[in-house]
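Sequence lines set the chain letters: A, B, ... in the order given, protein chains first and strands last, and positions in each chain run from 1.
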Number of protein chains: 2
Amino acid sequence: MKTDLTDRQKEILDFIVSFRTERGYAPSLRQIAKHFGIASTNGVKRHLDALTKKGHITVDNNISRGIVINRDEEEVVSYTDNFLSLPILGRVAAGVPIEANQYKEGSLVVDPAFIPSGNNCFALKVKGDSMIDAGIFEGDYLIIKQTNEVTNGDVVVAHLDGEVTVKYYSNRGGIVSLIPANKNYRPIVVGVDSQFSIVGTILGITRWY
Amino acid sequence: MKTDLTDRQKEILDFIVSFRTERGYAPSLRQIAKHFGIASTNGVKRHLDALTKKGHITVDNNISRGIVINRDEEEVVSYTDNFLSLPILGRVAAGVPIEANQYKEGSLVVDPAFIPSGNNCFALKVKGDSMIDAGIFEGDYLIIKQTNEVTNGDVVVAHLDGEVTVKYYSNRGGIVSLIPANKNYRPIVVGVDSQFSIVGTILGITRWY
DNA sequence: TCATATAGTGCTCTTTTGTTCACTACTAAA
DNA sequence: TTTAGTAGTGAACAAAAGAGCACTATATGA
């Protein structure tokens, strides 16, 4: 349970966060001391001890720059040490390792709390409006888990005759269909002669205005 | 322009990333050396020099644990040092500083590339289906910028007679309306006697399955 | 008045950590 | 054969950085 911080402790925590954001690593005791005009490293250490006790940070013993900001502290807007950056892939194919993919167009930071173990995930920008009734709009980023294990009703990314498509997956009695979520499009029955494969299933969507 | 890494360089970069994810701070030269069975810190330094030259990392001079992984490197799945964690607020009111808000229900990591300067943003979980035609579904997380400067057509979070609502904003000739995006709901004309205020406007949406 | 908490000081010591130099060995390309 | 790049070794040195102790001053509550 996180208890209230004193004003000074809060200042110091905010400084650690902003230093870390700016520099990419945590400040040392002496850097904190210098910023606050504190002459003694022990004075800083007292504050860090208090912040640790109150659950805001973790400091490993005798490790330089070992201040780690804990996730989900009381602070309402914060930077934490837990995040995931996924590649935005412009083209995908089934079975190709993501790492071998040469069509990375950028990266997208997402909350790893929603990503299952393993890092065979990627992001894909939506083109087209065939899935708008599922709340999937053109320009959305889909977060996709690379897999070919799908269940009826899953939203999948599939490869069909050289094209990538996002649709609901349906397999009834061995007949595979890709079902749009837009009444302006018809379901696609996957012919036995089609070049068809599942690239992955949807984990989430991110849309930015 | 990032050039290809040797196998060894790639291994070392991957180690730095995973160490950093696990521990919350970068490894030291000696910790890298120990992992790879390299007896000399200079051997490690050579690799770090090469990674720096190829644009994958930045190492500040004479700074302990000063290895910073650069964003958007060639690596297709990676952890970076640039992310933002927003509070998920259960209740919001106009004009109340986010930091003073006591209804934080969790946090949501988002990509800061899509967030404008300043950190008066928060996340809100959607209840209801009044905006489904705008691709906003129950359970979605909205990323909201706290502001009362709105434009016709913006999706806003508003406070109306004690309730929080998400709707399109419309102001025609001084008559303010909140327009749903679901034909099952009627537009709300904001009466002059209503307690009404704008909490913020939408920046993005995140949905997880 | 006393005890406790907060916020330091001053200093020393220990440990961690990075830099540098001269060197070896191997591989590949010119 | 020579040159260049890669992948180190070994060692010393310098600097950064954390830990700990005895101490002071102030404020607050019992």
Side-chain angles (χ1 to χ4, degrees), chain A residues 1-17 19-20 22-70 74 81, chain B residues 1-17 19-20 22-70 74 81:
Chain A
M1 170 71 69
K2 303 219 176 112
T3 56
D4 282 343
L5 294 175
T6 68
D7 288 344
R8 194 64 155 171
Q9 287 163 5
K10 185 170 170 19
E11 283 177 23
I12 289 181
L13 183 60
D14 288 346
F15 173 74
I16 294 168
V17 169
F19 186 104
R20 191 186 184 303
E22 176 189 333
R23 303 286 195 92
Y25 45 79
S28 65
L29 295 185
R30 283 171 174 83
Q31 280 170 321
I32 297 173
K34 182 177 180 181
H35 177 85
F36 288 95
I38 297 175
S40 172
T41 54
N42 196 50
V44 175
K45 189 168 189 323
R46 291 305 186 91
H47 291 299
L48 298 188
D49 288 343
L51 288 168
T52 298
K53 191 170 181 179
K54 292 178 177 180
H56 290 270
I57 61 173
T58 306
V59 183
D60 287 352
N61 194 48
N62 232 14
I63 289 286
S64 69
R65 299 182 189 279
I67 302 171
V68 178
I69 301 153
N70 293 340
E74 291 299 313
D81 287 299
Chain B
M1 173 69 69
K2 300 204 179 130
T3 54
D4 283 343
L5 295 175
T6 68
D7 289 344
R8 192 63 155 171
Q9 287 163 2
K10 185 172 171 16
E11 285 177 22
I12 290 182
L13 183 60
D14 288 347
F15 174 74
I16 294 168
V17 169
F19 185 104
R20 197 190 175 300
E22 176 189 332
R23 304 286 195 92
Y25 45 79
S28 64
L29 296 184
R30 282 174 175 80
Q31 279 169 323
I32 297 172
K34 184 177 180 182
H35 177 85
F36 288 95
I38 297 176
S40 172
T41 52
N42 196 48
V44 174
K45 190 168 190 324
R46 292 304 185 91
H47 291 299
L48 298 189
D49 288 344
L51 288 168
T52 298
K53 189 171 183 179
K54 293 179 175 178
H56 291 269
I57 60 173
T58 305
V59 183
D60 286 354
N61 197 48
N62 230 11
I63 289 286
S64 67
R65 300 184 190 277
I67 302 171
V68 179
I69 300 152
N70 294 340
E74 293 299 313
D81 286 299

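Nucleotide D:dT9 holds its C1' atom 14 Å from the CZ atom of B:R30, rounded to whole Å.
The base of D:dG8 lies outside donor-acceptor range of the side chain of B:S40, with no N or O pair under 3.5 Å.
Side-chain atoms of B:Q9 come within 3.5 Å of backbone N or O of B:T6 as a donor-acceptor pair.
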Taking distance alone, no hydrogens or angles, what donor-acceptor pairs closer than 3.5 Å link side-chain atoms of residues 27-42 of chain B to residues at least two apart or in another chain?
from: B:S28; atom 1: OG; to: B:Q31; atom 2: N; distance (Å): 3.2
from: B:S28; atom 1: OG; to: B:Q31; atom 2: OE1; distance (Å): 3.3
from: B:Q31; atom 1: OE1; to: B:S28; atom 2: N; distance (Å): 3.1
from: B:Q31; atom 1: OE1; to: B:R65; atom 2: NH1; distance (Å): 2.7
from: B:Q31; atom 1: OE1; to: B:R65; atom 2: NH2; distance (Å): 3.3
from: B:S40; atom 1: OG; to: B:N42; atom 2: N; distance (Å): 3.1

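Residue contacts shown for B:L29 include a base, since a base heavy atom lies under 4.0 Å away. Residue A:Q9 is in sugar-phosphate contact alone, with no base atom involved, counting any heavy-atom pair closer than 4.0 Å across all strands shown.
A search for side-chain hydrogen bond (donor to acceptor under 3.5 Å, both in side chains) contacts involving A:R8 returns A:E11, not counting sequence neighbours. Every residue was checked against the side-chain hydrogen bond (donor to acceptor under 3.5 Å, both in side chains) condition with B:N62, not counting sequence neighbours, and none meets it. Among residues two or more places apart in sequence or in another chain, the side-chain hydrogen bond (donor to acceptor under 3.5 Å, both in side chains) test is passed with B:T52 by none. Every salt bridge (charged side-chain N to carboxylate O under 4.0 Å, His left out) that B:D49 has, sequence neighbours left out, goes to B:K45. For B:Y25, there are no ring pair (Phe, Tyr, Trp, His ring centres under 6.0 Å) partners at least two apart in sequence or on another chain.
DNA chain C is contacted by B:T41, B:N42, B:K45 of residues 41-51 of chain B, taking any non-hydrogen atom closer than 4.0 Å.
Reading DNA chain C from its 5' end, the first and the last nucleotide to sit under 4.0 Å from a heavy atom of chain A are C:dA7 to C:dT17.
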One character per nucleotide, please: for nucleotides 25-30 of chain D, 5' to 3', B when the base has a protein heavy atom closer than 4.0 Å, S when only the sugar-phosphate does, - otherwise.
------

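End-to-end axis angle of the helix from C:dT1-D:dA30 to C:dA30-D:dT1, using five pairs per end and rounding to 10°, comes to 30°.
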